[in-house]
Trainee: 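One structure, pasted below without further comment.
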Amino acid sequence: MILLNPQEHSRFYPDHLSREIMRKTIAFFENKGLEKIKADDRARTWYADFLEFVRDEEIFATLLTPAEYGENLDQRWDTWRNCEFNEILGFYGLAYWYTWQVSILGLGPIWMSNNETLKRQAAQLLKQGHVFAFGLSERTHGADIYATEMSLTPQPDDSYRANGSKYYIGNANLAPMTSTFGKIAGSDEYVFFIADYRNKDFELVKNITASQNYVAEYTLHDYPISASEIMSRGQDAWDAGLNTINLGKYNLGWASIGICTHALYEAIHHAANRSLYNMYVTDFPHVQQMFVDAYTRLVAMKLFTLRAADYMRAASLEDRRYLLYNPIVKMKVTTQGEQVINLLWDVIAAKGFEKDTFFEMAARDIRALPKLEGTVHVNIALIVKFMSNYFFNPAVYPTLARQDQPKNDDFLFNQGPASGLGKIRFHDYDPIFDDFDTPNINIFKKQIAVFKIFLAMASPDKVQRKDIDFLLALGEIFTLVVYAQLLLENAPIYSLREDLLDQIFDFMVRDFSEHALNIYSKSISTSQQMDYCLHMIHKSFVDSNRFEVVWREVHALKDVYTASLQKCADEK
Ligand SMILES: Cc1cc2nc3c(=O)[nH]c(=O)nc-3n(C[C@H](O)[C@H](O)[C@H](O)COP(=O)(O)OP(=O)(O)OC[C@H]3O[C@@H](n4cnc5c(N)ncnc54)[C@H](O)[C@@H]3O)c2cc1C
């Protein structure tokens, strides 16, 4: 089974310690139990127990120290295992995932810098069990980081004084190294430096959110910064910010997958055991449809996200395809997660409000992920930059196998300039689709062919190219094509059955049609474009046998994950 089942943990690891980390983390949460997880969530209790566990087991030190700064071969930045660690944290609670995620972001500019002293210091702090923070956002500027106001004023002795505020900064309440982004005063030169919450000139203003996390506003008042506390300046600092987000945004997909997997187990368990009018809720045809849609969307999310990791691990200055795939994980997988929860909630209805359920938390937290690390729109605006090369200028790359080796992902901290996106080329998607011959994949191929003609023959004019609303609509279809391509690449690697794959493309065809209708309906679409849109609209191929097989697979999940956590809720 491709979905995580904590009670039968079976993921492949080439080494013992990686598997042990996953098992121990699962055991930590299983022992804590849903009841306590939920009580802590309601009371917004600081997760000291989790951080103690992480410290005692040296988990962040093992997973987040690059090999060069580690003490042994087990310490390495290995995306294969970080994927599942992300997923497990999402499965049990987004708050636990968030403290790990912002540590990753905080470490990004440190590992990317040339400041060896700060790197050694970070490795030491990781070993001691500390967390890290990433101070990029400011209250008044949001996505517009060009407008950053945090500033470093040079002093006569070559040191600096930092002044300014940061907003929405997770872990800043206790991270001894908060990577802080600013500018050298009186110039447009960017700079990344370290701030420590224990310094008297560091004011921890407040926790902005009402959650278990501490998402801080902090202000630096004439905070002294020595040259040795600076990680990068100028272009390097800018690149470090963007390159950190490039790799950090990938994790958001896993948080969604973890949340949805847990919510699915809970929802199917509830619905399959609930009897109304002398029948089970799962006997309703519309309920079966919603479950099959939720399940197939979740499997697709996981296939795509796993495959995107292969490209991230294989990336180099010559192969930067991950810069398209990671924003798609960010905006597509996380918004698919919202759809999965919507579908499941329509089935379990009132149950989703109960304080003892995981679902009640999932329904709230799933909304966060599309909004972090740049909004959905910011990411689609980024994605459309790749569209022309993707469709019209493919390049040849060697075939990429699954990247599950126990190696350090060196390139992630040497990504080079964050610019030049329009020059990145992709392997031809056609041969990937041609390897498959199922009814819905064949319909999907036709839809892609029409979209490509649309782009070539009715490409957006000057006004349309300036209209972000119109570009976003095009970006949704482009995203869907890339999404389909990568999940198909992974289908044989994960031995996905053809019926399940075709059922995935049942919703993909419907989504394609919906996006085509959206472009059709735009106020500025031309009659030629509208005509192409109509040719992209198709009904997916109906096959009741295929549906039945997949439905039985979903229904069989009803007691897969019920033991300790679920039992707690049931026994109430
Ligand atoms: C719980 C939480 C935790 C966070 N943790 C951190 C953290 O640890 N460190 C950190 O630095 N930040 C953090 N953030 C900040 C987060 O990354 C920003 O909220 C996010 O980048 C979006 O900024 P904004 O919400 O201010 O949206 P705004 O920048 O105000 O954008 C509003 C809207 O404008 C549009 N828009 C803006 N720019 C573009 C564009 N280029 N193209 C197209 N449309 C655009 C979009 O529609 C967008 O939705 C956190 C936020 C939250 C809520």
Side-chain angles (χ1 to χ4, degrees), residues 1 3-11 13 15-64 74 81-101 103 126-131 171 174 211-214 251 254-255 257-270 354-362 364-365 557-572:
M1 185 172 77
L3 299 187
L4 170 70
N5 175 6
Q7 283 155 1
E8 276 178 33
H9 182 262
S10 59
R11 192 174 193 244
Y13 284 104
D15 62 318
H16 175 71
L17 184 71
S18 301
R19 190 176 309 104
E20 275 309 292
I21 287 176
M22 306 309 154
R23 288 195 178 154
K24 281 183 178 170
T25 307
I26 289 169
F28 167 82
F29 286 111
E30 292 289 331
N31 290 334
K32 181 164 181 170
L34 182 62
E35 192 175 358
K36 179 77 173 105
I37 288 174
K38 290 301 309 281
D40 283 358
D41 176 64
R42 281 194 299 279
R44 297 186 222 144
T45 307
W46 177 250
Y47 29 71
D49 55 347
F50 174 65
L51 295 180
E52 275 163 27
F53 160 74
V54 161
R55 181 198 62 206
D56 294 348
E57 298 293 336
E58 297 191 0
I59 291 183
F60 286 6
T62 306
L63 299 181
L64 302 182
D74 290 324
R81 61 187 189 177
N82 286 0
C83 284
E84 198 187 38
F85 192 72
N86 265 302
E87 186 182 20
I88 292 170
L89 297 185
F91 188 95
Y92 289 105
L94 193 68
Y96 307 98
W97 171 87
Y98 181 73
T99 192
W100 144 267
Q101 164 70 355
S103 290
L126 271 169
K127 186 159 173 52
Q128 292 164 10
H130 288 279
V131 294
N171 284 354
L174 82 170
S211 70
Q212 268 185 274
N213 300 116
Y214 200 106
N251 299 331
W254 281 112
I257 293 166
I259 290 175
C260 289
T261 306
H262 195 157
L264 174 68
Y265 290 143
E266 204 176 58
I268 189 75
H269 179 73
H270 170 72
E354 290 186 18
K355 72 176 174 27
D356 294 330
T357 61
F358 175 80
F359 203 95
E360 182 255 348
M361 199 163 66
R364 178 197 63 207
D365 289 344
L557 299 176
K558 70 187 173 68
D559 297 320
V560 158
Y561 182 72
T562 53
S564 57
L565 296 186
Q566 191 64 50
K567 237 183 348 206
C568 250
D570 286 349
E571 281 162 6
K572 291 261 147 219

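Just so we're clear, the structure is a prediction, and the values are computed from it rather than from any experiment.
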Trainee: Between Leu34 and Tyr92, does a side-chain contact (heavy atoms from CB on, under 4.5 Å) hold up when you go through it step by step?
Mentor: CA-CA 8 Å; Leu34 182 62; Tyr92 289 105; over 6 Å; no

Trainee: Pair Arg81, Thr62 - check side-chain contact (heavy atoms from CB on, under 4.5 Å), show working.
Mentor: CA-CA 11 Å; Arg81 61 187 189 177; Thr62 306; 3.8 Å; yes

Trainee: Ion pair present between Lys32 and Asp40, side-chain N to carboxylate O less than 4.0 angstrom?
Mentor: yes

Trainee: May I ask you to decide if Asp15's main-chain N or O and Ser18's side chain share a donor-acceptor pair within less than 3.5 Å?
Mentor: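 No; judged by distance alone, with no hydrogens or angles, the pair does not exist.
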
Trainee: Just jot down the side chain to side chain contact (heavy atoms under 4.5 Å, CB included) partners of Ala267, sequence neighbours excluded, or say none.
Mentor: Phe291, Leu344, Ile348

Trainee: Going by the rule side chain to side chain contact (heavy atoms under 4.5 Å, CB included), which residues pair with Ala48 if we only count those two or more places apart in sequence or in a different chain?
Mentor: Trp46, Glu52

Trainee: Of all residues at least two apart in sequence or in a different chain, which pass the ring-ring contact (aromatic ring centres under 6.0 Å, His included) check with Phe60?
Mentor: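 Phe60: ring-ring contact (aromatic ring centres under 6.0 Å, His included) contacts with Trp100.
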
Trainee: Under the rule for salt bridge (Lys or Arg N to Asp or Glu O under 4.0 Å), what residues qualify as partners of Lys38, not counting sequence neighbours?
Mentor: Glu360

Trainee: Can you check whether Leu264 reaches Leu3 side chain to side chain, under 4.5 Å on heavy atoms?
Mentor: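 Yes, close enough: below the 4.5 Å cut-off.
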
Trainee: Side-chain contact, heavy-atom cut-off 4.5 Å: Met1 with Leu557?
Mentor: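 They are in contact (side-chain heavy atoms under 4.5 Å apart), so the answer is yes.
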
Trainee: Output all residues satisfying side-chain hydrogen bond (donor to acceptor under 3.5 Å, both in side chains) with Arg42, sequence neighbours left out; order by chain, then residue number.
Mentor: none

Trainee: More than 12 heavy atoms of other residues, nucleotides or ligands under 6.0 Å from CD of Gln128: yes or no?
Mentor: yes

Trainee: Pair up each side-chain donor or acceptor in residues 19-29 with any protein partner under 3.5 Å, not counting sequence neighbours, and list the distances.
Mentor:
{"unit_1": "Arg19", "atom_1": "NH2", "unit_2": "Tyr13", "atom_2": "O", "d": "2.9"}
{"unit_1": "Lys24", "atom_1": "NZ", "unit_2": "Glu57", "atom_2": "OE1", "d": "3.0"}
{"unit_1": "Thr25", "atom_1": "OG1", "unit_2": "Ile21", "atom_2": "O", "d": "2.6"}

Trainee: Under a plain distance cut-off of 3.5 Å, with no hydrogens placed, do Tyr561 and Glu266 share a side-chain donor-acceptor pair?
Mentor: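 Tyr561 and Glu266 do not have a side-chain donor-acceptor pair below 3.5 Å.
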
Trainee: Report yes if some heavy atom in the side chain of Val131 is under 4.5 Å from a heavy atom in the side chain of Leu174; otherwise report no.
Mentor: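 SC-SC contact between Val131 and Leu174 confirmed.
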
Trainee: Tell me every residue that passes side chain to side chain contact (heavy atoms under 4.5 Å, CB included) with Tyr98, counting only those two or more places apart in sequence or in another chain.
Mentor: Val102, Asn213, Val215

Trainee: Quick one, Glu30 with Gln7, criterion side-chain contact (heavy atoms from CB on, under 4.5 Å). Give me CA distance, side-chain angles, the key distance, then yes/no.
Mentor: CA-CA 9 Å; Glu30 292 289 331; Gln7 283 155 1; 4.1 Å; yes

Trainee: Is there side-chain contact between Leu64 and Asn82, with heavy atoms separated by less than 4.5 Å?
Mentor: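 A side-chain contact exists here, since the closest heavy-atom pair is under 4.5 Å.
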
Trainee: Of all residues at least two apart in sequence or in a different chain, which pass the side-chain hydrogen bond (donor to acceptor under 3.5 Å, both in side chains) check with Asn5?
Mentor: none

Trainee: Quick one: does Gln212's side chain have a donor or acceptor within less than 3.5 Å of a partner on Thr45's backbone?
Mentor: yes

Trainee: By salt bridge (Lys or Arg N to Asp or Glu O under 4.0 Å), which residues pair with Glu84, not counting sequence neighbours?
Mentor: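 If we apply the salt bridge (Lys or Arg N to Asp or Glu O under 4.0 Å) test to Glu84, skipping adjacent residues, there are no hits.
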
Trainee: Heavy-atom distance under 4.5 Å between the side chains of Tyr96 and Ile37, does that happen here?
Mentor: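 With C-beta onward as the side chain, the pair touches.
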
Trainee: For the atom pair SG (Cys260) and CG (Leu4), what is the distance rounded to the nearest 0.5 Å?
Mentor: 12.5 Å

Trainee: Starting at SG of Cys83, measure out to CD1 of Ile88 and round the result to the nearest 0.5 Å.
Mentor: 11.5 Å

Trainee: Applying ring-ring contact (aromatic ring centres under 6.0 Å, His included), name anything that partners Tyr214, two or more places apart in sequence or on another chain.
Mentor: none

Trainee: Show your reasoning for whether side-chain contact (heavy atoms from CB on, under 4.5 Å) applies to Ile259 and Phe91.
Mentor: CA-CA 5 Å; Ile259 290 175; Phe91 188 95; over 6 Å; no

Trainee: Let me confirm one number: the OG1-NE2 distance from Thr357 to His262, rounded to the nearest 0.5 Å.
Mentor: 9.0 Å

Trainee: Which heavy atom of Thr261 sits nearest to which heavy atom of Ile257, and what is that distance?
Mentor: OG1-O, 2.6 Å

Trainee: Does Asp41 have any salt bridge (Lys or Arg N to Asp or Glu O under 4.0 Å) partners at least two apart in sequence or in another chain, and if so, which?
Mentor: Arg364

Trainee: On a heavy-atom basis, which atom in Gly90 and which in Phe358 lie closest, and how many Å separate them?
Mentor: O-CZ, 4.0 Å

Trainee: Output all residues satisfying salt bridge (Lys or Arg N to Asp or Glu O under 4.0 Å) with Lys355, sequence neighbours left out; order by chain, then residue number.
Mentor: none

Trainee: Look only at the side chain of Asn171 and the backbone of Thr99, and say whether a donor-acceptor pair between them is shorter than 3.5 Å.
Mentor: yes

Trainee: Out of curiosity, Leu17 CG to Ile59 CD1, how far, rounded to the nearest 0.5 Å?
Mentor: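 Nearest 0.5 Å value for the CG-CD1 distance: 9.0 Å.
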
